[in-house]
Each structure stands twice: as structure tokens, then as C-alpha cells.
Participant: 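Sharing a structure, written as C-alpha cells. Questions coming.
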Amino acid sequence: MTFSRTALSVLLAAGLSGAAFAQTTTLKIGYATTKESHYGVGSTAFCDEVEKGTQGRYKCQQFPSSALGGEREMIEAVQLGTQDLVNTSTGPVGNFVPEVKIVDIPFLFRDYDHARKVMDGPIGQDLLTKFPAKGLVALAWTENGFRHMTNNKRDIVKPADAAGLKMRTMENKVHMDGYKTFGILPTPMAFPELFGALQQGTVDGQENPIPVILSSKFSQVQKHLSLTGHVYSPALLIISPRIWNKLNDADKKVFLEAAKKGSAAQRKKVNEDENNGIAQLEKDGMTVTRKVDSNAFREALKPAYVGYAKEFGADNIKKIQDIR
Ligand code: PAF
């Protein structure tokens, strides 16, 4: 922006400092679920911190509820630079950054403490360094949550109950290889198509964390919820290198700190939904199966683990499992 001498003296005479003219860059951030959901809470906390830390030079325009497309499409757009940020599960991420696939292995993590410790520790932080080579910059691990099965046919306690069910899955081969050992018929589908598919009965069920089941109102189209917790679903805040490479070091620090705060807020919302959401879903008419035979699911998975060990290395899997 340039001003003539006269214009500048008029503006200065009007008492406006240079700071008043600092341009604001509005960043487009997209995610799959509603503004009130865990992704919305995390993204809002991130955006507020960015705006505060850059004195308003950067702010966000949020696109919740898959307004910019499915997660795979949004990641592609961030890679191309037509979208600035995405808060996404790892579901499709392994197709861009293959090293990430290891954290999608079913029954890899014991609980939230274990998962968060791994993602925030050296293993998770090292995975973040793999993104720039693929045209993406990962700011922090956020969180989607442990996934549970819902369907319209029956309660699921053990794999035999899941066998034969046509279940929508994410477009994620690691998940699908595992779910096949449960006898499920995995049907990969982008999330924006899922509610309609459940409504029309194109699929019998789906699997997602409590915060997604709640915020997407799946109780309106699904009867049975089984707390299978069969896989942890990590998520990430990813920024386009087109934006990242323009930031000075101080602003980069602001974005990284903001991502940490966004992640903390998102995880807090996941905790709240885990604590209160199941009772809410019951109130909304779902039958909840709390006692699931996890050992039978783990046992069924053994052949898939042979494949995972080949692909990712048994030692690398063990390193994650051993973290306490
Ligand atoms: O099921 C999925 O595709 C994901 O869990 C979702 C809902 C898009 C959130 O990341």
C-alpha cells in the first residue's frame, strides 16, 4: 500500500498511526463437524489466540460442517494453497504423509492418557516433521477421540455381533484391514455423505467418537451404540505452506502456541463429551452397550497385526505400546 506525501500528512494529521493501516489477512479454516463440536471449540481457541497474538494482523474465517468439503478434499486444498488451514482427523492423512498411518492401528492405544502422551512426546512430534516434504505444515496434534460403533441392526458385544454389518468407514486402509477381521463389511465413504447414507439405509452403521456421534445427531438415524473404543482417532491442525512461509519467526511462534491452546481446548471438549454425551445419546433414544468384549476384538485383530508389523515394523508398534 503506498500513499502520496499529501495523503500521508492528512492521515497523520488525523492522528492515525502506521499500525492502524496494518493489513488484516483472513485465513480460511475448515473442519468436518459443527462450530459447537470439539473441532469447532479447538479451532475457535486457535483462531482467537492467533488474532490476539498478531494484534489482529491475522484472523480466521471458519468453515464448519464440511462446508469446504470432506477431509481429503480439504487437505488437498491446503496443499494447493486454495484453503489456508484444516483441523482434520488422520483418516485421510496417511494418503499424503504415509508415516502417519501407524497411529491409525486399531487397539494401539490403551486410553486417552496414553494416546496424548504419545502424540505430544518424541514419536508424535517426529511425525509432525514429515509434513513439509509433502507440501503441508502440521502445527499440532488436536483430537477426534476413541471411535465406537453404531448401527441399526443389533447391539455389538463381540466381533461375531459386528460380522456381516455394512459399516461406513473412513477412507483409511489401516482401519479397513483391521475391521475386516471383525467380519464387518467396510464401506469407505466421505463424511459429508454419511448422514444421508444412514438415513437411507445404504449402510447399516458407522464408527466415530462420541463428540462426532453427538454433534452430527446420529441418534436420529442410528439405534445401537456399542462402546467398542476400537481405535483412537488423532487429529491435526494443518496450515498451507503458502501462508506459513510468509510468516516471520515471531508470528510462527504465535501460530504454534495458538495451535497448542487449540489442541488443549479440543481435548477438553472431547473429555466433556465423553463424560456427558453417552447419557445424552441414551436420552435421545439410543441403546448403549457399555460392556464390550475387548479381548475378543483384540484376538480377532491378530491377523491384521501381522500385516501392520510388516508395514510399520513390530519394534515401532511396540515402542508406542510400551509408552506409559
Ligand atoms: O468419520 C470421519 O470421517 C471423521 O471421524 C470425522 C467425522 C470427519 C471427524 O474427523
Side-chain angles (χ1 to χ4, degrees), residues 29-43 46 62-78 83 85-96 100-101 103-106 109 112 115 119 138 140-151 165-176 178-179 184 186-198 202-222 225 228-238 262-263 266-267 269-270 273-274 277 281:
I29 178 166
Y31 44 91
T33 52
T34 63
K35 183 112 190 258
E36 295 71 38
S37 71
H38 53 325
Y39 281 104
V41 169
S43 302
F46 166 76
Q62 296 195 45
F63 293 86
S65 304
S66 308
L68 298 178
E71 289 185 330
R72 186 175 44 78
E73 278 170 281
M74 288 194 280
I75 298 167
E76 266 163 17
V78 169
Q83 179 177 329
L85 288 141
V86 61
N87 194 348
T88 176
S89 77
T90 50
V93 172
N95 299 318
F96 298 82
V100 167
K101 287 189 207 167
V103 293
D104 292 324
I105 295 179
F109 298 103
Y112 278 104
M119 306 324 279
W141 292 103
T142 58
E143 185 166 79
N144 194 18
F146 276 90
R147 302 178 79 88
H148 305 291
M149 296 178 195
T150 71
N151 78 92
L165 291 177
K166 204 169 168 196
M167 285 246 195
R168 176 270 176 179
T169 68
M170 291 200 279
E171 297 159 291
N172 182 303
K173 193 171 173 301
V174 177
H175 284 187
M176 287 163 65
Y179 302 171
I184 286 172
T187 310
M189 187 187 290
F191 185 70
E193 292 163 39
L194 178 55
F195 192 93
L198 293 171
T202 319
V203 288
D204 301 315
Q206 63 88 46
E207 42 82 57
N208 249 305
I210 297 297
V212 175
I213 300 172
L214 267 179
S215 60
S216 306
K217 303 201 184 319
F218 285 159
S219 58
Q220 293 179 0
V221 285
Q222 292 279 267
L225 163 63
T228 45
H230 52 277
V231 70
Y232 176 70
S233 182
L236 292 145
L237 252 171
I238 303 176
S263 168
Q266 193 158 325
R267 287 174 178 178
K269 175 68 174 147
V270 170
D273 285 352
E274 286 278 356
L281 292 167

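When a residue number appears, it is its place in the shown sequence, counting from 1. Indexing begins at 1, ligand by ligand and atom by atom, following the structure's order.
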Participant: Ser89 heavy atoms, cut-off 4.0 Å: which ligand 1 atoms fall inside?
Facilitator: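 Numbered from 1, ligand 1 contributes 10 (O).
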Participant: Once rounded to the nearest 0.5 Å, what's the spacing between atom CG of Leu225 and atom CZ of Phe218?
Facilitator: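 Nearest 0.5 Å value for the CG-CZ distance: 12.0 Å.
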Participant: If you measure from each heavy atom of Tyr39 to ligand 1, is any distance below 4.0 Å?
Facilitator: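 Distance cut 4.0 Å: Tyr39 passes for ligand 1.
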Participant: Considering only non-hydrogen protein atoms, determine which one is nearest to atom 5 (O) of ligand 1 and report residue, atom name and distance to 0.1 Å.
Facilitator: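 Going atom by atom, the protein heavy atom closest to atom 5 (O) of ligand 1 ends up being Asn208 OD1, 2.6 Å.
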Participant: Is it the case that Gln266 and Asn87 place a side-chain donor and acceptor less than 3.5 Å from each other?
Facilitator: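 Result is yes, a qualifying pair exists.
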Participant: For Tyr179 and His230, take the angle between the two ring planes, folded into 0 to 90°, and tell me which bin it lands in: parallel under 30, tilted 30 to 60, perpendicular over 60.
Facilitator: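 Ring orientation of Tyr179 relative to His230: perpendicular.
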Participant: Counting heavy atoms only, which of Met189, Gln206, Met74, Arg168 comes nearest to atom 2 (C) of ligand 1?
Facilitator: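 Heavy atom nearest to atom 2 (C) of ligand 1 belongs to Arg168.
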Participant: Distance under 4.0 Å to a non-hydrogen atom of Ala32: what atoms of ligand 1 satisfy this?
Facilitator: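 Once the distances to Ala32 are compared, the set is 8 (C).
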Participant: Report yes or no: do Glu143 and Tyr112 form a side-chain donor-acceptor pair below 3.5 Å?
Facilitator: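 Distance-only check fails for Glu143 and Tyr112.
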Participant: Report, in ascending order of atom number, the atoms of ligand 1 lying under 4.0 Å from any heavy atom of Val212.
Facilitator: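 Counting atoms of ligand 1 from 1, those under 4.0 Å from Val212 are 7 (C).
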Participant: Are a donor atom and an acceptor atom from the side chains of Asn144 and Ser89 found within less than 3.5 Å of each other?
Facilitator: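 Note: Asn144 and Ser89 side chains miss the donor-acceptor criterion.
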Participant: Quick one: pull up CG in Asn95 and CD1 in Ile75 and give me the separation to the nearest 0.5 Å.
Facilitator: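 Between atom CG of Asn95 and atom CD1 of Ile75 there are 8.5 Å.
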Participant: List the closest protein heavy-atom neighbour of atom 6 (C) of ligand 1: residue, atom name, distance to the nearest 0.1 Å.
Facilitator: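 Residue, atom and distance for the closest contact: Glu71 OE2, 4.0 Å.
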